[in-house]
Novice: 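Following this message is one structure expressed as structure tokens.
No experiment lies behind these values; they were computed from the predicted model shown. All residue numbers refer to positions in the sequence shown, counting from 1.
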Amino acid sequence: MTKTRKPTEAGELTVDVRIADAGWRALIPRPAATCRRAVTAAWRAADTAFARRLKGRDAEVSVLLAGDDEVAALNAQYRGKKGPTNVLSFPGIDADELAAVPAGQPVPLGDVAIALGQLGREADAQALAPADHFRHLCVHGMLHLLGYDHLDDQDAAVMEELETAALAGLGVADPYASAHG
């Protein structure tokens with residue numbers, strides 16, 4: 001387990017990373033540090049009403065770097081879907097509940113789980129560097145915790161724009177360039 005605090009405009013963000021599958025260290029150099037940087041980039045890029053209400057508040061998020069079996073079990077339990085998916089996000093709080101978090105306590109944004117095998121297969125299929133795809137999934141999962149979604153074209157465009165901006169700050173090319181070009 002790795003924990004860090006990163007100062008941001010919204011207060012401090014604590015990112016707790018748990019590596020549950022040793023294969024992560026073989027696929028991604030310094031996976032916990034890479035994850036923390038990507039999650040923090042998404043935190044800084046977010047501009048939903050919820051994210052704006054967090055300004056000045058400390059917050060925390062946990063990320064599970066797991067194998068496909070563990071993510072498949074979570075996917076079945078919480079989404080009723082069979083098999084692993086690349087990233088799952090479990091919001092811990094929504095904007096309406098923010099006032100219930102006592103001042104001085106960090107806001108529990110929620111949990112993100114990422115599947116190692118699924119990430120590797122997707123990176124191979126899309127000819128992406130696994131570390132870049134990993135950064136994308138970390139950003140994507142964090143944006144879900146901050147209230148973004150991609151259920152319709154308009155929401156997807158907003159989320160993709162934020163992902164692209166956050167990833168550019170990490171030196172990762174626009175993952176949607178071929179879809180938009």
Side-chain angles (χ1 to χ4, degrees), residues 6 8-11 13-17 28 31 34-57 59-66 71 74-75 78-81 83-98 107-116 118-123 125-181:
K6 297 282 186 176
T8 70
E9 295 172 359
L13 177 65
T14 300
V15 181
D16 183 14
V17 178
I28 308 293
T34 300
C35 179
R36 287 191 305 270
R37 281 192 300 277
V39 166
T40 300
W43 167 252
R44 289 180 175 144
D47 192 34
T48 59
F50 177 49
R52 286 189 299 273
R53 288 179 62 193
L54 286 170
K55 299 299 183 197
R57 299 284 309 260
E60 58 189 14
V61 61
S62 67
V63 181
L64 171 65
L65 305 181
V71 173
L74 292 169
N75 202 23
Y78 293 101
R79 296 179 65 223
K81 296 190 177 191
T85 187
N86 54 13
V87 60
L88 291 170
S89 296
F90 302 97
I93 193 168
D94 65 28
D96 296 334
E97 299 167 321
L98 187 57
V107 176
L109 295 178
D111 306 304
V112 174
I114 302 175
L116 175 65
Q118 188 68 25
L119 177 146
R121 288 187 296 278
E122 289 175 1
Q126 299 170 40
L128 299 170
D132 287 349
H133 191 45
F134 175 54
R135 288 177 183 95
H136 184 192
L137 295 180
C138 291
V139 166
H140 186 89
M142 180 62 171
L143 289 175
H144 276 306
L145 296 183
L146 293 169
Y148 291 93
D149 218 321
H150 43 84
L151 297 176
D152 62 42
D153 290 344
Q154 183 178 354
D155 289 344
V158 169
M159 191 167 177
E160 289 172 11
E161 184 178 322
L162 285 170
E163 287 174 339
T164 299
L167 291 169
L170 298 169
V172 178
D174 180 355
Y176 301 105
S178 62
H180 299 146

Novice: Let me confirm one number: the CG-CD1 distance from Leu109 to Ile93, rounded to the nearest 0.5 Å.
Specialist: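 Leu109 atom CG to Ile93 atom CD1 measures 8.0 Å (nearest 0.5 Å).
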
Novice: State the CG-CG distance between Leu162 and Leu167, to the nearest 0.5 angstrom.
Specialist: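 The CG atom of Leu167 is 10.5 Å from CG of Leu162, to the nearest 0.5 Å.
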
Novice: Check Ala46 against Leu146 and note the closest heavy-atom contact, atom names and distance.
Specialist: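 Smallest interatomic distance, heavy atoms only, reads CB-CD1, 3.4 Å.
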
Novice: Measure across Val139 and Ala166 and return the closest heavy-atom pair with its distance rounded to 0.1 Å.
Specialist: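 Closest heavy-atom pair between Val139 and Ala166: CG1-CB, 4.0 Å.
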
Novice: Taking only residues at least two apart or on different chains, which pairs with a member in residues 156-175 satisfy ring pair (Phe, Tyr, Trp, His ring centres under 6.0 Å)?
Specialist: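 Counting only pairs at least two positions apart or across chains, no ring pair (Phe, Tyr, Trp, His ring centres under 6.0 Å) contact touches residues 156-175.
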
Novice: Considering all heavy atoms of both residues, which atom of Gly110 and which atom of Leu145 are nearest to each other, and what is their separation?
Specialist: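 Nearest heavy atoms, Gly110 then Leu145: C-CD1, 3.9 Å.
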
Novice: Classify the side-chain pair Gln126/His133 by whether it contains a donor and acceptor separated by less than 3.5 Å.
Specialist: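 No, no side-chain donor-acceptor contact under 3.5 Å.
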
Novice: Are any side-chain N or O atoms of Thr14 and backbone N or O atoms of Glu60, one a donor and one an acceptor, separated by less than 3.5 Å?
Specialist: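 No, because the side chain of Thr14 does not come within donor-acceptor range (under 3.5 Å) of the backbone of Glu60.
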
Novice: More than 12 heavy atoms of other residues, nucleotides or ligands under 6.0 Å from CG of Asp153: yes or no?
Specialist: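 Incorrect, the count does not exceed 12.
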
Novice: Going by heavy atoms in the side chains, are Leu65 and Leu116 under 4.5 Å from each other?
Specialist: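 Sidechains of Leu116 and Leu65: no contact.
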
Novice: Using atom types as modelled and distance alone, determine if a side-chain donor or acceptor of Asn86 lies under 3.5 Å from a backbone N or O of Gln118.
Specialist: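 The answer is no, because no donor-acceptor pair under 3.5 Å joins these two groups.
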
Novice: What pairs with Glu97 under side chain to side chain donor-acceptor pair (under 3.5 Å), at least two apart in sequence or on another chain?
Specialist: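 Not a single residue meets the side chain to side chain donor-acceptor pair (under 3.5 Å) criterion with Glu97.
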
Novice: Any side-chain heavy atom of Met142 within less than 4.5 Å of one from Leu13?
Specialist: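 Sidechains of Leu13 and Met142: in contact.
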
Novice: With the side chain counted from C-beta on, respond yes when Val61 and Trp43 share a heavy-atom pair under 4.5 Å apart, and no when they do not.
Specialist: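 They are not in side-chain contact.
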
Novice: Does Leu88 reach the side chain of Arg79, with side-chain heavy atoms less than 4.5 Å apart?
Specialist: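 Side-chain contact under 4.5 Å: yes.
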
Novice: Taking side chain to side chain donor-acceptor pair (under 3.5 Å) as the definition, give me every residue that meets it alongside Ser62, ordered by chain and number, with sequence neighbours left out.
Specialist: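 For Ser62 the side chain to side chain donor-acceptor pair (under 3.5 Å) partners, ignoring immediate neighbours, are Asp111.
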
Novice: Does some side-chain heavy atom of Val172 sit less than 4.5 Å from a side-chain heavy atom of His136?
Specialist: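 They are not in contact (no side-chain heavy atoms under 4.5 Å apart), so the answer is no.
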
Novice: Measuring from Arg37:CZ to Thr40:OG1, what's the distance to the nearest 0.5 Å?
Specialist: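 If I round to the nearest 0.5 Å, the distance is 9.5 Å.
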
Novice: Do you know the tightest heavy-atom contact between Leu170 and Ala38?
Specialist: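 Looking at all heavy atoms of both residues, the shortest contact is CD1-CA, 3.7 Å.
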
Novice: Which value, rounded to the nearest 0.5 Å, describes the distance between Glu160 atom CD and Leu143 atom CG?
Specialist: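 Glu160 CD to Leu143 CG: 11.5 Å, rounded to 0.5 Å.
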
Novice: Return yes if a side-chain donor-acceptor contact under 3.5 Å exists between Tyr148 and Glu163, otherwise no.
Specialist: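 Per modelled atom types, Tyr148 and Glu163 side chains form no pair under 3.5 Å.
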
Novice: Under the rule for side chain to side chain contact (heavy atoms under 4.5 Å, CB included), what residues qualify as partners of Leu64, not counting sequence neighbours?
Specialist: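 Per chain and number, Leu64 pairs via side chain to side chain contact (heavy atoms under 4.5 Å, CB included) with Arg18, Ala20, Ala66, Glu70, Leu74, Ala113.
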
Novice: Quick one: ring-ring contact (aromatic ring centres under 6.0 Å, His included) partners of His144, sequence neighbours excluded?
Specialist: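 Once residues adjacent in sequence are excluded, the partners of His144 under the ring-ring contact (aromatic ring centres under 6.0 Å, His included) criterion are His140, His150.
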
Novice: Residues in side chain to side chain contact (heavy atoms under 4.5 Å, CB included) with Asp152, at least two apart?
Specialist: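 Here the qualifying residues are Gln154, Asp155.
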
Novice: List the residues meeting salt bridge (charged side-chain N to carboxylate O under 4.0 Å, His left out) with Asp132, not counting sequence neighbours, and say none if there are none.
Specialist: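 Counting only residues at least two positions away or on another chain, Asp132 forms a salt bridge (charged side-chain N to carboxylate O under 4.0 Å, His left out) with Arg135.
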
Novice: Do Pro31 and Val17 come close enough that some side-chain heavy atom pair is under 4.5 Å?
Specialist: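 Counting from C-beta outward, Pro31 and Val17 never come under 4.5 Å.
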
Novice: Please find the pair of heavy atoms, one from Gly141 and one from Val87, that lie closest to each other, and give the distance.
Specialist: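 For Gly141 and Val87, the tightest heavy-atom pair comes out as CA-CG2, 4.1 Å.
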
Novice: Which heavy atom of Val63 sits nearest to which heavy atom of Cys35, and what is that distance?
Specialist: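 Looks like CG1-SG, 3.6 Å.
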
Novice: Not counting sequence neighbours, which residues clear ring-ring contact (aromatic ring centres under 6.0 Å, His included) with Phe134? List them please.
Specialist: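 Scan of Phe134 (ring-ring contact (aromatic ring centres under 6.0 Å, His included), adjacent residues dropped) gives Trp24.
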
Novice: What residues form a side chain to side chain contact (heavy atoms under 4.5 Å, CB included) with Pro130, not counting sequence neighbours?
Specialist: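 Counting only residues at least two positions away or on another chain, Pro130 forms a side chain to side chain contact (heavy atoms under 4.5 Å, CB included) with Leu27, Ile28, Leu119, Ala123.
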
